[in-house]
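Each remark here refers to the structure printed beneath this line.
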2 protein chains.
Amino acid sequence: MKLNTKSRYAVMALADMAVFSSDDAVSLRDISLRQGISLLYLEQIFLKLKKNNIVKSVRGINGGYILVKSPKELKILDILLALDQKVKTIGCKKNSKKSCNGKSTKCITHNFWDELDIHINSFFESKKLSDLLKNREARI
Amino acid sequence: MKLNTKSRYAVMALADMAVFSSDDAVSLRDISLRQGISLLYLEQIFLKLKKNNIVKSVRGINGGYILVKSPKELKILDILLALDQKVKTIGCKKNSKKSCNGKSTKCITHNFWDELDIHINSFFESKKLSDLLKNREARI
DNA sequence: TATATACCCGACTAAAATAGTCAAGTTTTT
DNA sequence: AAAAACTTGACTATTTTAGTCGGGTATATA
Ligand code: FES
Ligand code: FES
């Protein structure tokens, strides 16, 4: 019942960007040093963030990444979706006719997991990146 | 972001028991046939449920398992805990001094995952096994 | 224009978790 | 006695995870 590390690091890295935001791009090297995340891993993560239009890149010296939206507007859900981290606690394929145990009708628990998915998704939908920066003590 | 199959099957099997409850014990063989779950797998699952006092066993012919609490009183959270399925979306060890990225202070996202854990846990805490049986159409 | 910096991208891999199975019991009812 | 059903630990194939590696390309600045 855990998100994968790519998603967790993505949220962490973007929060870092929000804190150290300026007009300049933020380099992965800086994020790596500040947050203790492997640079090579960050590259992989930001590739996906870029493809999903969460950040845009600036190449060359003094390059880096820039948030496309402001932290106030960036939903955590969008970050997770960019990393293929679906909130899907349900066992069966969502649009498949087959149930999770191979029967033809939905299993007895299906509706329950469905409710749970909605419950979690609405949390990620409501939270913005800026919400992570509130009330933080010296925690960078 | 998925529960493991043992937890999901545990909920399914217990829901099955709740539906077919009687004064008699319900055998794993029957649950296996009705829900399409491997008998050998069910045995493993019910071992844990028994250890955690969710069910009690009756040995011998006409034996099986009986719910310790009524479905109205049995929290889904208790089932998940019995299967070691902790709701812990957070990256770091909860009581460790170390943060998820090896630094000495809590990372920038820590409070956020903490909030999420509470959000999900309260869902499982509020839901009872009997809640799964409501509004079910012919779904056994 | 050379060069250092930083993004770009696919492929690869070791380790861990998962989803089971198997074997060899014990207990109790009929 | 025999059959049904629970008990338990060990074992394994598959999949997922969490990264690393190698070899690019673009661009600012000296
Ligand atoms: S979870 Fe969808 S059929 Fe079981
Ligand atoms: S999640 Fe706890 S320190 Fe990062």
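So you know, we letter chains A, B, ... as the sequences are listed, proteins then strands, and number each from 1.
Between A/Lys88 atom NZ and D/dT16 atom P the separation is 12 Å, expressed in whole Å. Here D/dT8 presents its P atom at 13 Å from NZ of B/Lys48, a figure rounded to the nearest Å. In this structure, B/Leu28 places its CG atom 4 Å from P of D/dC6, rounding to the nearest Å. Look at CG on B/Leu39: it is 13 Å from P on D/dA4, rounded to the nearest Å. In this structure, A/Gln44 places its CD atom 14 Å from C1' of C/dC7, rounding to the nearest Å. Atom CG in B/Leu47 sits roughly 17 Å away from atom P in C/dG20 (whole-Å rounding).
Comparing C/dA6, D/dA4, C/dA19 against the side chain of A/Ser27 picks out C/dA6 as the nearest. The listed nucleotides are D/dT7, D/dA18, C/dC22; the one nearest the side chain of B/Leu40 is C/dC22.
At a cut-off of 3.5 angstrom, counting only N and O atoms as typed in the model, there is a donor on one side and an acceptor on the other between the side-chain of A/Arg59 and the base of D/dT25. Judged by distance alone with a 3.5 Å cut-off, no donor-acceptor contact links the side chain of B/Glu43 to the base of D/dC6.
Within the 3.5 Å criterion, the main-chain N or O of B/Lys127 finds no donor-acceptor partner in the side chain of B/Asp131.
Ring planes of B/Trp113 and A/Phe124: perpendicular class, angle over 60° (limits at 30 and 60°).
The residue A/Phe46 sits apart from the nucleic acid: no heavy atom pair falls under 4.0 Å.
Contact between the side-chain N/O atoms of B/Asn62 and the OP1/OP2 oxygens of D/dA5 is not found at any separation under 4.0 Å. Contact between the side-chain N/O atoms of B/Ser38 and the OP1/OP2 oxygens of C/dG20 is not found at any separation under 4.0 Å. Within the structure, a side-chain polar atom (N or O) of B/Lys50 is placed less than 4.0 Å from OP1 or OP2 of D/dT7.
The CZ atom of A/Phe46 lies 5.0 Å from the CG atom of A/Leu14; values are rounded to the nearest 0.5 Å.
Contact of the A/Leu133 side chain with the A/Val19 side chain is registered, since non-hydrogen atoms from C-beta on lie closer than 4.5 Å.
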